[in-house]
Amino acid sequence: MTLSVLVADDSPTVRRLVAARLAADGHEVIEAEDGEQALALALSETPAVIVLDKVMPKLDGFEVVRRLREREDTRSVPIVMLTDRGGEDDVLAGLDLGVSEYMPKPFSPRELSVRVKRVLEGIDQET
Amino acid sequence: VTDPLIAAILVLGGIFGLLLGVILVGRWRADRHRRRTARLRPTIETDLALYLADPDADAPQPPEPEEGRRLFRDVAVEALVELTGRERERLAELLERDGIVHETSLELLARRRLTRLHAAEFLAEMRSRSAADTLLIGLLDEDPDVRLACARALAELGEEEFVEPLIAASDEEATERPGAAAAVLLAVGWTSGARQPCGGSPRPSSPSCGWPSSRRSSARRSRAPTTSWSPGPRGGWARSAT
């Protein structure tokens, strides 16, 4: 079954790297270039997983997570967050908000792919 | 009285016209460059992303002419900064194979300071051993920022053999005004007495002693120096605690 993944990053280079990797894994990929667009697409497209950059224009990654977690229909959507390496405070703040996985940048797209897979397997087990 | 006045007006008008022409041509060229970049960039990004996502994919060809190759390099370096692992290695290999590393290292010899500076910064991200010889020459550049960028690029290679040249380059200036190489040695974890690191040995006895044991960005990003050096006034180096 094809599952959709929302990839939100303001860097088109990173977005395309992640999107190409996840598409190669057989996922349908939706792309967002800022936080507002990510939030709108997350609500309208209901992706199975969201890969979210922490630093984005308009709405940062944390704010997107906060707003998604406030809503009943998006509260349980798993989120993988891309952050700068060594941002311990960010990791703790994100976990507190309900981020499922962290990927520090620079990152390995293959590792990201495994993490997304793991998150999706977690959903399977729950359902 | 009238003739010199008319002549002066004509001369000024001519100069004004010339300047206006130069400005208009400059803007036209900049607009053309922007349009080309906007058109080419998404294609390059997608081609590179698809290549990295599929180990069996054919390598993308950098678009010709020179402008396209530079854009290809810019996008590739942006990706290199964000990547680790096998994808990073494949991309670095691609840049080496396509001659982009070589072309960039030649830019270290360019007349324009900014071209040399950007080339050194790109090479730092590419971490290509083949650029080492040109980077060593770059340590002697007349511009302190270029020297610093070259030293950083050499440090990114993480090989012990470059410690000596970096120390030698730092000898060119007085201790109070350490050169680019000394600044880099400090930044990558060398103690403040750069010539007496790790128990007085002139060079590190082990990779973990003074010289970065784990390569790269880790040197720059996670090993934040307690003392940092930055270009100060009149080409010197300013020291600041971080």
Side-chain angles (χ1 to χ4, degrees), chain A residues 2 5-34 37 51-57 61 80-91 101-118, chain B residues 37-60 62 70-92 94-95 122 124-127 156 212 214-225 242:
Chain A
T2 307
V5 182
L6 170 62
V7 177
D9 197 307
D10 57 327
S11 158
T13 305
V14 174
R15 217 166 51 231
R16 290 199 168 100
L17 286 169
V18 174
R21 176 69 257 175
L22 296 175
D25 292 343
H27 301 301
E28 182 198 339
V29 182
I30 312 158
E31 295 182 37
E33 59 185 36
D34 60 53
Q37 202 179 22
V51 178
L52 199 61
D53 186 26
K54 194 202 84 179
V55 181
M56 283 190 295
V80 179
M81 189 169 260
L82 298 168
T83 60
D84 290 332
R85 195 172 289 275
E88 190 192 8
D89 289 345
D90 287 343
V91 173
E101 283 274 1
Y102 268 97
M103 274 298 292
K105 284 183 180 178
F107 69 102
S108 155
R110 286 190 308 145
E111 187 185 337
L112 176 68
S113 152
V114 171
R115 284 181 192 249
V116 167
K117 193 176 159 196
R118 221 171 65 174
Chain B
T37 302
R39 185 167 50 83
L40 281 174
R41 197 179 170 94
T43 313
I44 294 173
E45 284 168 347
T46 305
D47 286 352
L48 278 177
L50 291 174
Y51 170 66
L52 295 177
D54 178 5
D56 300 323
D58 291 333
R70 285 209 174 140
L71 183 59
F72 185 87
R73 178 186 67 180
D74 293 352
V75 173
V77 168
E78 276 177 33
L80 280 175
V81 171
E82 304 286 359
L83 291 174
T84 57
R86 192 190 295 170
E87 283 89 350
R88 190 188 203 292
E89 286 167 17
R90 284 186 73 211
L91 186 50
L94 175 68
L95 294 177
F122 284 144
E125 292 303 337
M126 291 174 189
R127 297 171 205 158
E156 288 287 349
S214 63
R215 297 167 48 159
R216 3 255 88 294
S217 322
S218 52
R220 193 173 61 244
R221 294 188 184 106
S222 40
R223 287 185 174 214
T242 55

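Every chain is numbered from 1 and lettered A, B, ... according to where its sequence line falls, protein lines coming before strand lines.
Per-residue counts of heavy-atom pairs under 4.5 Å with chain B were compared for A:Leu17, A:Leu82, A:Asp25, A:Leu22; the largest is that of A:Leu17. Per-residue heavy-atom pair counts under 4.5 Å with chain A were compared for B:Arg86, B:Arg41, B:Glu87, and the maximum is reached by B:Glu87.
Minimum heavy-atom separation, A:Met56 to A:Asp34: SD-C, 4.0 Å.
Looking at B:Glu82, the atoms closer than 4.5 Å to chain A (heavy atoms on both sides) sit in the backbone and in the side chain alike.
Side-chain atoms of B:Arg90 come within 3.5 Å of backbone N or O of B:Tyr51 as a donor-acceptor pair.
Partners of A:Asp90 under the salt bridge (Lys or Arg N to Asp or Glu O under 4.0 Å) rule, at least two apart in sequence or in another chain, are A:Lys54.
The pair B:Asp74-B:Arg70 does not meet the salt-bridge criterion, since no charged nitrogen lies less than 4.0 angstrom from a carboxylate oxygen.
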